[in-house]
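The structure presented is a predicted model; accordingly, all values stated were derived computationally and were not measured.
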Amino acid sequence: MAILGIDIGGSGVKGAPVDTVAGDLLAERFRVPTPQPSDVTSVVEAAAEVAGQFDGFDRVGITFPGVVVDGVTRTAANVDKSWLDAPAAQLFSERLGKPVTVLNDADAAGAAEVAFGAGRDQRGLIMMLTFGTGIGSALFLDGVLIPNTEFGHLELDGKDAELRASDRAREADDMSWEKWAGRVEDYLRHVEMLLSPRLFIIGGGVSKKSDKFFPLIDIRTPMVPATLLNNAGIIGAAVAAKQAAVIPVGA
């Protein structure tokens, strides 16, 4: 089964067909800028433009930067408010003419890391955190996703954590790595206190610079950078679409 993965981000919509057995892209990914404003119609068209670059796929997995329940987008913190309660899976499926699975972007990145990357074969409770426009979270127990956690919105020093410790906050406030790492450490310690995970996997674009801030963070939980980087969302979306295609026993 050929599956197309599409990753909707704050700055770009990108996609590629995925080998869901090996966790590799089957073609060079194609990217278009995220429309501004990022309303439903414009983003669906952007996804269609990406999908139009490829053929031979049977299903599509799409990431979304918000909570997704049964294919409906329930939150829209970093995209246009027209996405609130939008039937996203239905809208994408009608436009693309294929079955579509939609899931939270951090959940998708985490699913990819658990299947093929830094979280592979890890037991117990592990947590993927993506530091980018906001802070995305994905929680796994013995490799099984607990979907739609929103730990980027925990309160930290009286504010949404992602307003203080996201990579966008680092850039917007022109913070040194030392100052930003201090905020990330405060955040991770708070999450430790609440969940006691066995492992933190740190993703998002800033994970490519882990050498600049990992040594500055002192926490009890082991912490590793994500390995799939910018392809994690695409791969995880395809993995989710493959899982959704499995016919239940007795059906």
From [X] atom [atom1] to [Y] atom [atom2], the distance as rounded to the nearest 0.5 Å:
X: R189; Y: L194; atom1: CZ; atom2: CG; result: 14.5 Å
X: L25; Y: I234; atom1: CG; atom2: CD1; result: 5.5 Å
X: W177; Y: L216; atom1: CH2; atom2: CG; result: 9.5 Å
X: I201; Y: M127; atom1: CD1; atom2: CE; result: 11.0 Å
X: L145; Y: L139; atom1: CG; atom2: CG; result: 8.0 Å
X: F213; Y: E185; atom1: CZ; atom2: CD; result: 12.5 Å

> Would the number of heavy atoms belonging to other residues, nucleotides or ligands and lying under 6.0 Å from CD of E28 be above 12?
Replying inline: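 For E28, atom CD is not crowded (no more than 12 foreign heavy atoms under 6.0 Å).
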>> Looking at D142, I want to see if its CG is surrounded by more than 12 non-hydrogen atoms of other residues, nucleotides or ligands under 6.0 Å.
In response: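 Yes, enclosed.
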> Which hydrophobic side chains are connected to F54, either touching it within the sub-4.5 Å cutoff or through other members that do?
Replying inline: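 So far as hydrophobic clustering goes, F54 is joined with L4, I6, I8, V13, F30, V32, V40, V43, V44, V50, F57, V60, I62, F64, V68, V79, W83, L91, F92, L96, V100, V102.
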>> By the side-chain hydrogen bond (donor to acceptor under 3.5 Å, both in side chains) test, which pairs, at least two apart or in different chains, include something from residues 199-226?
In response: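 Checked against side-chain hydrogen bond (donor to acceptor under 3.5 Å, both in side chains) - neighbours excluded - the pairs reaching residues 199-226 are E192-T221.
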Any side-chain heavy atom of [X] within less than 4.5 Å of one from [Y]?
X: I126; Y: V114; result: yes
X: L129; Y: M223; result: no
X: V18; Y: D24; result: no
X: I135; Y: S166; result: yes
X: N104; Y: V67; result: no
X: Y187; Y: E162; result: no

Which atoms form the tightest heavy-atom contact between [X] and [Y], and what is the distance?
X: G66; Y: T75; answer: CA-OG1, 3.4 Å
X: K81; Y: A76; answer: NZ-O, 2.8 Å
X: M128; Y: A109; answer: CE-CB, 3.7 Å
X: A241; Y: I3; answer: CB-CG2, 3.8 Å
X: S137; Y: T149; answer: OG-OG1, 2.9 Å
X: P99; Y: S93; answer: CA-OG, 4.0 Å

> So does D186 pair up with R183, basic N to acidic O under 4.0 Å?
Replying inline: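 Salt bridge absent between D186 and R183.
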> Looking at E45 and R95, does any basic side-chain N land under 4.0 Å from a carboxylate oxygen?
Replying inline: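 A salt bridge links E45 with R95.
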> Which pairs with one or both residues in residues 134-155 pass ring pair (Phe, Tyr, Trp, His ring centres under 6.0 Å), sequence neighbours excluded?
Replying inline: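 Qualifying pairs, neighbours excluded: none.
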Please confirm whether the backbone N or O of [Y] pairs with a side-chain atom of [X], one donor and one acceptor, at under 3.5 Å?
X: S38; Y: D80; result: yes
X: D39; Y: S42; result: yes
X: D107; Y: N148; result: yes
X: R168; Y: T133; result: yes
X: R29; Y: N230; result: yes
X: D85; Y: R74; result: no

Consider only side-chain heavy atoms of I, L, V, M, F, W and Y, link residues closer than 4.5 Å, and tell whether [X] and [Y] are in one cluster.
X: I217; Y: L156; value: yes
X: F214; Y: L188; value: yes
X: V21; Y: V239; value: no

